[in-house]
Protein chains: 2
Amino acid sequence: MASPKGDIGRVFHALGDPTRRAIVERLSEGPISVSGLAAPFSITLTAVVQHLQILEESGLARTEKSGRVRTCRIETAGLSVLEQWIKDRRSLWERRLDRLAEILAEQEGK
Amino acid sequence: MASPKGDIGRVFHALGDPTRRAIVERLSEGPISVSGLAAPFSITLTAVVQHLQILEESGLARTEKSGRVRTCRIETAGLSVLEQWIKDRRSLWERRLDRLAEILAEQEGK
DNA sequence: TCGATTGTCAAGTGAATACTTCAGTATCAA
DNA sequence: TTGATACTGAAGTATTCACTTGACAATCGA
């Protein structure tokens, strides 16, 4: 059951890991190579590449190889999916809370 | 290293699971008992309770026991933390994109 | 009171996850 | 061309995770 690239589940899973969030954080400051990205972390290059793959699959990062250097940048798609999901949920249950308030007001009136 | 209740990592982890998202979805429609919540799922009551614990710890749900029934509701705190995180990231890298646009415009002018 | 309902607790299992190591390959610079 | 750089790929490992089972406690309704 291969999830599509914009799958909200993938985005949540990707951002559930602290190292991956730190990578996103770093990518927010601008494009960087894989080894440049790995430098501040106390994990191997391989591990960073693995995280990067997950971030790409969830639409949170984009990478491009030129020569022997792979350049990484943020991708807004993943965040947009996330934003939309939250927006939907929030409106959903704020509507419900409003309805609840109405009912309470109604009972108060009786 | 006990993470505080508003820890963004917990929120992401909690929402990374499809069953937990479905639970949140259901809770959006109104309060419900644990067994009521478990009914549509093909997993045990115990598993649902475990999910519920994770949702509570991440500030996405709230439960209260009265008699033998534990009533579950959504909690907005977790979502708020999530919203804030996204807002911060987005402004961070939109500012960066603006700066990039400026530089490009500048070079264009030369 | 007694049986059914509703939830709790402890322990175990299989799969997924975040890592590692090691052995490559491709590219660049001198 | 040669050595260093920048990554890639496969395979293994320890831990975490979602879930189960089974035994139990508390509460409610008849």
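Each chain gets a letter, A, B and so on, in the order the sequences are listed, and its residues count up from 1.
- In this structure, B:R90 and A:S80 approach most closely via the heavy-atom pair NH2-OG, 3.1 Å.
- Cluster annotation: B:V11 is connected to B:W85 through the hydrophobic network of ILVMFWY side chains, with a link wherever side-chain heavy atoms come within less than 4.5 Å.
- Following rounding to the nearest Å, B:E57 (CD) and D:dT16 (P) show an atom-to-atom distance of 15 Å.
- In this structure, A:R20 contributes its side chain and A:H13 its backbone to a donor-acceptor pair below 3.5 Å.
- Electrostatic pairing of B:E83 and A:K87 does not count as a salt bridge here, judged by no charged N lying under 4.0 Å from a carboxylate O.
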Protein-proximity profile, nucleotides 18-26 of chain C, B/S/- by nucleotide at the 4.0 Å heavy-atom cutoff, equals SBBBB----
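- Rounded to an integer number of Å, the gap from CG of B:L52 to C1' of C:dC9 is 16 Å.
- Rounding to whole angstrom units, CZ of residue B:F12 and P of C:dT17 are separated by 17 Å.
- Distance CD (B:E64) to C1' (C:dT8): 18 Å, rounded to an integer number of Å.
- For the atom pair CZ (B:R89) and OG1 (A:T76), the distance works out to 15.5 Å, reported to the nearest 0.5 Å.
- With sequence neighbours left out, B:R68 forms a salt bridge (charged side-chain N to carboxylate O under 4.0 Å, His left out) with no residue at all.
- In this model, the phosphate group of C:dT27 is not approached by any side-chain N or O of A:K65 to a distance below 4.0 Å at OP1 or OP2.
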